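In what follows, a single structure is set out as structure tokens and then discussed.
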Amino acid sequence: MKLIAIRGNDVLRSVCLVAVTLLLLPAAVGAAVEVYPERVRLTSRRSRIQLVITSRDADGRLRDVTHRATVRSSKPGLVSVRNGRVSPSDDGVDGQATLHVVWQDETVEVPVEVSGQKQPDPIAFKYETLAAMTKQGCNAGSCHGSPDGKGGFSLSLFAFDPDHDTESLVRGGLNRRVNVFAPLESLMLKKPMLRVPHVGGKRLRPTDAAYMILKRWISEGARPDRDGAPTCEKIVVYPGPSRVLARPDATQQLSVLAHFTDGTVRDVTRLATFDTSHRDIATIDADGRVTGQSRGQAAITVRFLEHLESVYLTFVEEVEGFEWPVVAEHNFVDRLVNSRLKLLSIAPSPTCDDRVFLRRVYLDLTGLLPSAAAARTFLAEKKLGKRARLIDRLLATDQFARFQALQLADLLRVNPKVLGADRAKLFANWIAEAMVTNRPYDQLTRDLLTSTGDTRLVAEANYFAAIPKTEDVAEATAQVFMGSRIQCAKCHNHPFENWTQDDYYSIGAAFHRVARQADRISVVGGGEMVNPRSGKVMTPWGRNRVMPRPLANADRRVAFAGWLTARGNPFFARAAVNRIWDHLFGRGIVDPVDDFRSSNPPSNVELLDRLAAEFEKSGFDRRQTVRIICNSQTYQRSTITNRFNRDDTTLCSRAPVRLLTAEQLQDAIGYVTGSVKTVEQSDAVVAESRRELERVGEELRTKRPQWEAGLVERLKKAAWWHGAWWSAGAFTAKTAETTHSKDFGPETSSGRFDASRAFGPNKIRWQPRPDWNRGQQINLPKGAHKAMYAWHVVHARAETRVRLRVVADDGMKVWHNGQLVFDFAQVLPDDKEQQPEIVLRPGANRFLLKIVNKGGAWHFTWRLESTQPDSISAPAVADLPDALTEVLMTPVEKRVAEPAARLDRFYLMRDGRIEKLRVRIESGARDQYATQRPFPGSDAFLKAFGQPERNTPCACERSSEPTLDQALQLLNGQRVHDQVARSVGRFSKLENGPLVAELYMSAFSRKPSTDERVAATQHLVEATDRNAAIRDLVWAVINTQEFIFQH
Amino acid sequence: MHSRTLVSRRNFVRLGLGLAGAGAVSATTANAAAAGQGRAKQVLVLFEQGGVSQIDSWDPKPQAVAEHKSPFEPVATSVPGLQFTRLLARTAPLAHKLTIVRCMTQPTPGIGNSHPKGSQYIYSGEAPGGPVEMPDISSVVAMLQGSHASHLPSNIMVPGTNEQSPATKIGFVPPAHKVFKTGGNPADPNWSVPNLGLLGVDDARFRTRTRLLDRLNIGLLGADQARDARAMKSLMTRAVDMLTNPATRKAFNLGAEPEAVRQRYGTGMRGRCYLLGRKLIESGVRFVMVDVREPQRSFRDGKPVGYDGGNNMNWDHHDAIYAKTHTNIKGGGAGRGRWGIHTWPMMGSTDQALSALIEDMDQRGLLEETLVCFVTEFGRTPKINSRQGRDHWTHAFSFAFAGAGVPGGQVVGSTDSDGGYITSSQAFTIEDYAATIYEKLGIDRHKPIYTPADRPILLSRHGQPIGELF
């Protein structure tokens, strides 16, 4: 039972579809002929029904015999049949009859009921006229359905807006488009019939079903539908959802029935628009008759106005000489892949050699080539099951995790140009960490979609920082996590899938309340998403299609993420496993990998469904999915084609030939030329650094109490010490004088500090300023007529006289314990008048500062100078910043978490070794590998080979097509040139024989053949400059097909 | 034709790929017009970026108000009744080869009024900001028509380093058709085209290497027919060709031109680039764009020369447009870094190079089938501003066209006595300019091309070819 790109609650619909189909099947028990529908009802004068007559062979094969069976009506005066189409006779009488369907020796009786023949049967505007125009192509995107129409005549794309179309047809065009008095004079008929010039060509013939409808509609008065006319709820396509037909001679008549809200059912087979996903496999004519052109599977998409259904047809054929080879089946992947291959008479290729497997699995899992040493070891290993063991080993490496992180970072748009280097790094590391710990994918997704906070601290919030607008978030989320490109539905209903414009804005509604302020992502309480065309307020997608009532303050994203990641969601698991498959095979089961739609069938429905189910069952474990796939024989097939699979590129009968990706190629060249360390070497560095970090950490931990005690002692002896800083502002006033004199709020209670108070209409609050210190110039953001308040407490041991030394060239005011002690509009540094003496009380001395700016640069400095020469001062700022002094003076058990953590960090970072080691562990050893960095640098080489820009969520950003630029880079690019030059360092010390062997084992994971060895050695021997010859050899190896391709 | 290629000709044919156009590996779309159905086979666009002041060049206004008029008096041209300002004195005798369109306009000025957007407007032929990012005209043409000359890229930009050259976009067109930018300053005697000049090895060594590669390149056993493998193989062949083919070298070798010709074009960057444009057209490149911005430290006649204060010499004369040297005035702003519009690095070199180009191409018969367009993003204000400069002006500006059936000696459209607003009944947009290019090349604009998402895109759908140019 397929569940491809159908909306959540359509699961039920599809189940019903199958159930209904089953109910409509064999009319008589044991008969080899089946007629659909099993009962015919003709309810109006123009009512028709298309029969579909199927014969079932002895071996169960189905054959469509609609146009070959004989159908006799028991009452020709009442009802007649031609080409399988049942229509009431011209006499126009109601009644009942029976149809006898005869095929070979079987007869099936179908009861017919004719009614409503005396009632008028006017043409319905939307469901007939507009459907007819859609069928003839009038409202396609390249014709009148384009945003500006064509030739001054505009229709809505595929008739998604009947009101607009009414306006255009009936009232537009100076009323010449329809002429109710002389219908044949209507431009609507004359133009497409080419009776007058028509740029669009001949689009209508008198024999077309559309012609009768259009002509009749006009002569009936060209009326739009009346209000309250029944609407079409759904279309039912028979046969569906899939069928296997045997070629040659494979045709299939389709029946399309439209079900309306008033219970009526109309046959719209001749009015529906048909499309095929693979013209070379199946074609379909205007009357809904499919012809199988060759072996394979195709999706026939049936569209009737906004309804879209697809039928998957598989055409099988006897192939001469075809025999299923003996081939191992390791797991369900093989069984499901092979069942499809068997059906279509495609023979799989055999399992690939060890060396091919080795190189392939290393590149796919870690992005790196196996080192020559690792290759030799693997190739020599004799114990059974070495491939499975290798897979397990690689899955456990950091390299695997980081390579996965690179791919995820592409999709999540970790882009330093947009986020800034720091935030991009933070985001990238978060992703890498999630991959290293194998975080379940559903949790990861929920974390991303419901993130809030300061993007400099909360890495996952950068998902929203990277995407500025709600519509873009909706599109990105749908594409990345649902594998669906809903972009088309932004302005009109999606032309190729069931997404309506309402759906698009519903998803948007889930994300509409995300606010981006400076660096913070938060959710606001209000704000609704409105469909710009209809003006309707959209409610978000959630567990229920419509939330029962707007939940006032709840984060709607939570409901959306919950729905998306729930087991059974038809999109999430499938999209995820499809990407994994795409990564391992170069092509998803659905291709393009993020374009799930019913008109784009998966190459193997059962496989996709099963992988998705296993993924869910495993707890959304990506590593496990990779393990299963890599262990299959399908993944381990060779690329060598055979007679029976030469033309297959979608069913995985053989391994695909793939160009290495940009990062893989860069790292591969780096390794072969010796420009970068081997993985083993860098792993060793990382392990060593980790050990060192432990040691240093331990060392510092033991010294910590000593350090603290020393400082505390100094502080206790000091005449005074400074506490932490807070600021509130900036406040703005109209003039400089007002800025200086006005109390913006904090001055009223200048002796007290209340962190929860908010001042002014903008509700400005006190913020901690851990980066502010005494004696340093503190810079404030530029701006004219601004005032900033600062709060600062100084603790004195005893009563002390101090001199206040401040610098603030546009003026400052200082209150000491509520008393104004300093008030100058312009502070000059050396003016002795402006250095008042204050007496510090024992204990806490509360200072409120007000720094004013008239314009231009803005900064201030704060210092207290002792009047006694021998007074002991507190430790310098470099040894202990003001922000940490208070923490230090608090006993350990009473310390608040955040400032305590800051103190810990300060202590550790004092020792430069910690930072150096951290950098070395996190990136140093790995930074040289482009595949190991979630955002590798950008250079001409990577760009030429398709490194994505990370500006869109589309997987297509990573272009995999060969280009001229790439060839030039390999043959003559700067990077390759530089690295080839360095290769001398790796190889010059080796003798010719070992050199060639090492080169080949590194580049290809194999020994050179005799010819290759001769050619290479000859080149080395004949050279006058051996180093130049080495460079030639390395250059040549890097430029071979075998090197740049995975095969 | 190509003696030393990676794959022998026999093998090449066996692979089923022709030698010409081998680089276009992606499927061309349904309306790939066979090259040669339109009057033009090639296009040369001279993009003078920054907004060339129309009243100081193509559209003289001697009756304008004194405080705001151009100080450069009109001169007669070879066409009776048609005048340019004296800044185009050398081009004036060739006016009978040109059509001047004085009624270019941007209908929605806000969209293309900035340099990045205006430049993108010119490159893609469509006002930016629409639902789909449009590719450069040159990329579309390269995709649909390829190039005669397989030893050169199909669309080239000389040098492709103007301030707004990042606004070139590949859009939804396959990356194979991205514009190739030569880079550098062709006036520099040491200039060679990056990526096409052999790095670190000489010809002989490179040939040795390719021979070695031929011996070692055993291909992919049993899988050589894979589409990408075949594509890469043919691209490697083409790339080797480009790197070794004397014809490629020749196409870029300015030194091979006679001294007289080089002098005629002018020996600064502009002259060299215009000359290079002609050479590339002569070599068969389908679409060439020349976008010159003389750098501050440049060359003349092979010798270094400096333009003091001129670190941004495009046409954006917001300040001191008539300065005798640089435009860096006190209280100046966005117009810094240029030299006065009449000076050598500006109109001086332009007038010389343009007149040389038209004459030269005409004499060589290249104007028969090459459409030449002289364009800019917008014009400049008829009023002089407070910094003695002129600001952006999108209401009326001038383009010039020649070749491929463009009638000579014609003026299309007219502006008022200040040169500010269009008075003629016709007015043309940059979309019309793009439509003209497509029409001249014989590309069917009524057949859409498709994005990877299957969305139909009609080329310059908001434009109509400029009838007077046909």
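Proteins get letters first, then strands, A, B, ... in listed order; numbering begins at 1 in each. Computed from a prediction, not measured in an experiment: that's the story for all the values here.
- Shown here are the salt bridge (charged side-chain N to carboxylate O under 4.0 Å, His left out) partners of A/Asp648, two or more places apart in sequence or in another chain: there are none.
- No side-chain heavy atom of A/Thr649 sits under 4.5 Å from any side-chain heavy atom of B/Arg227.
- Taking the ring pair (Phe, Tyr, Trp, His ring centres under 6.0 Å) definition, one finds that B/Phe252 meets it with nothing, sequence neighbours left out.
- Taking all atoms of both residues into account, the shortest heavy-atom contact from B/Ala229 to A/Val657 is CB-CG1, 4.3 Å.
- For chain B, no part of A/Phe1004 is nearby; none of its heavy atoms comes within less than 4.5 Å.
- Between A/Thr963 and B/Lys178 there is no side-chain heavy-atom pair separated by less than 4.5 Å.
- A/Ala944 does not touch chain B: none of its heavy atoms, backbone or side chain, sits under 4.5 Å away.
- For A/Gln1018, the part lying under 4.5 angstrom from a heavy atom of chain B is the side chain only.
- The shortest non-hydrogen separation linking A/Gly141 to B/Pro456 is C-CG, 3.9 Å.
- Residues B/Leu212 and A/Ala1015 come closest through the heavy atom pair CD1-O, 4.4 Å.
- Scored by the disulfide bond (SG atoms under 2.5 Å apart) test, A/Cys352 finds no partners at all (sequence neighbours excluded).
- Interatomic distance, B/Ile218 CD1 to A/Asp1011 CG, rounded to the nearest 0.5 Å: 9.5 Å.
- Counting non-hydrogen atoms of other residues, nucleotides and ligands closer than 6.0 Å to NZ of A/Lys1007 gives a total of 12 or fewer.
- Annotation for B/Lys117: atom NZ does not count as buried by contact number, only 12 or fewer foreign heavy atoms lying within 6.0 Å.
- Taking CG from A/Leu971 and OG1 from B/Thr210, the interatomic distance works out to 9.0 Å, rounded to the nearest 0.5 Å.
- Neither the backbone nor the side chain of B/Ile457 comes within less than 4.5 Å of any heavy atom of chain A.
- Put simply, CG on A/Leu968 and CZ on B/Arg238 are 9.5 Å apart, with the number rounded to the nearest 0.5 Å.
- Side-chain atoms of A/Asn972 come within 3.5 Å of backbone N or O of B/Leu199 as a donor-acceptor pair.
- Listed in order of number, the residues of residues 1038-1047 of chain A that approach chain B to under 4.5 Å between heavy atoms are A/Asn1039, A/Thr1040, A/Gln1041, A/Glu1042, A/Ile1044, A/Phe1045, A/His1047.
- Between A/Leu970 and B/Met236 there is a side-chain heavy-atom pair separated by less than 4.5 Å.
- Scanning both residues, A/Ala1036 and B/Leu216, for their nearest heavy atoms gives CB-CD1, 4.2 Å.
- Two residues are said to be in side-chain contact when any heavy atoms from C-beta on lie closer than 4.5 Å; B/Leu220 and A/Thr639 fail this criterion.
- We find the CG-CZ distance between A/Asp1032 and B/Arg205 to be 4.0 Å, quoted to the nearest 0.5 Å.
- Between the NZ atom in A/Lys150 and the NE2 atom in B/His446 there is a gap of 8.0 Å [rounded to 0.5 Å].
- With a 4.5 Å cut-off on non-hydrogen atoms, B/Ala226 touches chain A through its side chain but not through its backbone.
- Heavy atoms of B/Arg215 lying under 4.5 Å from chain A belong exclusively to its side chain.
- Ranking A/Arg654, A/Gln969, A/His977 against chain B, the residue ahead of the rest is A/His977, based on heavy-atom pairs under 4.5 Å.
- With a threshold of 4.5 angstrom between heavy atoms, B/Leu458 approaches chain A through side-chain atoms but not through N, CA, C or O.
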